[in-house]
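What follows is a short report on a single structure.
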Amino acid sequence: MSSRLIGVGVGPGDPELVTVKGVNALRAADVVVVPVMDTGERGRAEATVLHYVPAEKVVRVVFALNERSDRARREAAWDAAGERVAGLLRAHGTVAFATIGDPNVYSTFTYLAQTVGGLVPGAAVETVPGITAMQDLAARSGAVLTEGTEPLTLVPVTAGTTVLKDALNGPGTVVAYKFGRQAAEVAEALRETGRLDDAVWGSALGMPEESVRAAAELDGSALPYLSTLIAPARRAGGRGGKL
C-alpha cells in the first residue's frame, strides 16, 4: 500500500478561510493528525478541522511546540511524534496533517515530513497551501501588504529584535510573527525606526477572542504568543507611486 502524507494549511483560525482544496484533502484522508502540546488540549488547528471532519477521524499527536531551551527534550518529542505519524501511515495509507496558516511557512509540518521520510521510505509528501495570518490581518485591518516594487519581509521575533530592527530600517512592509512575549521590545523597535504610527497587530484572528488594534496602543504587556504585526511600507507620491 502506497503512503501519502499531506500537510494541509487550515488558515489562522477562521474556519471559513480553509480552501476548498484543503477541505477536500481533509475529508479524503484516512486520518487527520493535529498537533497539540499535551493530550488534554484542543489546539487551533483541531478546532478548525472539526468543522469539516468527524472527531473520530482526528488523531492528536503531541509535539514540543514551544520547547526552545532543552534540545534533547525537543528532539525526543520530535522522534516520538514522527514514529506516531509513521505508524499511522503504515496502517492507513493517507494521512493529512492539519497546520495553522500554511504548511510551508514556519510550520511544524516541515520537521515532521523530514522525520517521517526517513521512517517510511517512498512515502509521498504533499502540501495544500493555506491562508496565512499576515493575509488575514491585512484583510481585517485594511493594511496593504505590498504595492508596485515594494519588498515584503517576514520576521519571526523569536530570532531576536535585532533582526526585526534591521528589517524595519529597510524598505517595504515588515511582518512580524510570534512576538507576543516580546511585545515591549517590538513596540520600542517600531518607535526607534519611525514605523509605529501605521503599524497594526492582531491575535486570535477569526476567533471569538480576536483582537485587531493599532500598534501604537501596545503598552508593553505580553500578548498571545501567536500575535502578528504589520508595519506597512512608507508610501509617498500618491496612487501608483511605487510602480
Side-chain angles (χ1 to χ4, degrees), residues 4-68 74 77-78 80-89 92 94-116 125-137 139-140 154 156 158 177-180 202-211 223-228:
R4 295 171 65 216
L5 176 63
I6 308 172
V8 181
V10 297
D14 184 345
E16 292 186 342
L17 291 181
V18 185
T19 67
V20 174
K21 186 170 185 176
V23 172
N24 288 340
L26 293 172
R27 289 176 173 168
D30 300 308
V31 173
V32 177
V33 170
V34 293
V36 295
M37 287 190 290
D38 62 65
T39 54
E41 73 168 27
R42 174 180 291 181
R44 192 177 300 186
E46 181 179 359
T48 303
V49 164
L50 290 175
H51 283 81
Y52 299 106
V53 300
E56 57 267 23
K57 189 174 179 176
V58 176
V59 175
R60 294 177 178 178
V61 174
V62 178
F63 288 80
L65 297 174
N66 291 334
E67 180 57 66
R68 299 181 62 81
R74 184 175 67 244
W78 280 114
E83 289 282 2
R84 179 79 171 101
V85 174
L88 291 170
L89 268 175
H92 298 284
T94 300
V95 173
F97 180 88
T99 178
I100 59 172
D102 182 277
N104 293 305
V105 180
Y106 298 129
S107 171
T108 309
F109 180 74
T110 302
Y111 311 116
L112 177 68
Q114 293 173 1
T115 303
V116 171
V125 177
E126 306 168 17
T127 58
V128 176
I131 292 172
T132 61
M134 64 178 167
Q135 293 169 290
D136 196 11
L137 179 57
R140 294 178 189 277
L154 175 59
T158 48
Y177 276 3
K178 306 177 184 179
F179 78 93
S203 64
L205 301 174
M207 305 173 75
E209 63 272 29
E210 173 186 297
S211 182
L223 302 174
Y225 175 68
L226 292 177
S227 292
T228 299

Inset, instruction - Please examine the side chains of Y225 and S203, heavy atoms only from C-beta on, and report whether any two atoms are closer than 4.5 Å. - result: no
Review item, side-chain donor-acceptor pairs of residues 20-29, under 3.5 Å, at least two apart:
{"unit_1": "N24", "atom_1": "ND2", "unit_2": "V20", "atom_2": "O", "d": "3.4"}
{"unit_1": "R27", "atom_1": "NE", "unit_2": "Y52", "atom_2": "O", "d": "3.2"}

Inset, instruction - Quick one: closest heavy-atom pair of I131 and P12, and the distance? - result: O-CD, 3.5 Å
Legend entry - Pairwise side-chain contact, V8 with T127, heavy-atom cut-off 4.5 Å (strictly under): no
Inset, instruction - Could I get the full list of side chain to side chain contact (heavy atoms under 4.5 Å, CB included) partners for L137, not counting sequence neighbours? - result: S141, V200, L205, V212, T228, I230
Legend entry - Non-hydrogen side-chain atoms of L5 and V85 separated by less than 4.5 Å: yes
Inset, instruction - Would you mind reporting whether L88 and V33 have side-chain heavy atoms less than 4.5 Å apart? - result: yes
Legend entry - Close side-chain approach of V95 and V59, heavy atoms under 4.5 Å: no
Inset, instruction - Please find out if less than 6.0 Å separates the ring center of Y111 from that of Y106. - result: no
Legend entry - Donor on one side chain, acceptor on other, T99 and S107, under 3.5 Å: yes
Inset, instruction - Check whether any side-chain heavy atom of V32 lies under 4.5 Å from a side-chain heavy atom of F97, and answer yes or no. - result: no
Legend entry - Inter-residue atom distance E46.CD - T48.OG1, 0.5 Å rounding: 10.0 Å
Inset, instruction - Return the set of residues passing side chain to side chain contact (heavy atoms under 4.5 Å, CB included) with P129 (not counting sequence neighbours), or none when no residue passes. - result: D102
Inset, instruction - Give the minimum heavy-atom separation between W78 and L112, together with the two atoms involved. - result: CZ3-N, 4.4 Å
Inset, instruction - Heavy atoms only: give me the nearest V36-G43 pair and the separation to one decimal. - result: CG1-N, 4.4 Å
Inset, instruction - First locate atom CG of L17, then atom CD of Q135, and finally report the distance between them rounded to the nearest 0.5 Å. - result: 9.5 Å
Legend entry - Closest approach of A55 to L50 (non-hydrogen atoms, all atoms of both residues): CA-CD2, 3.7 Å
Inset, instruction - Step by step, work out the side chain to side chain contact (heavy atoms under 4.5 Å, CB included) result for H51 and V18. - result: CA-CA 10 Å; H51 283 81; V18 185; over 6 Å; no
Legend entry - Minimum heavy-atom distance between F63 and A81, given as atom pair plus value: CE2-CB, 3.5 Å
Legend entry - Heavy-atom closest contact (G7 atom, P103 atom, distance): O-CG, 3.6 Å
Inset, instruction - Applying side chain to side chain contact (heavy atoms under 4.5 Å, CB included), name anything that partners V125, two or more places apart in sequence or on another chain. - result: F109, A113
Inset, instruction - Tell me, please, which residues at least two apart from E209 pass side chain to side chain contact (heavy atoms under 4.5 Å, CB included). - result: A204, M207
Legend entry - I6 side chain reached by T94 side chain, heavy atoms, under 4.5 Å: yes
Legend entry - Residue pairs, two or more places apart or on separate chains, that pass side chain to side chain donor-acceptor pair (under 3.5 Å) and touch residues 8-19: D14-R140
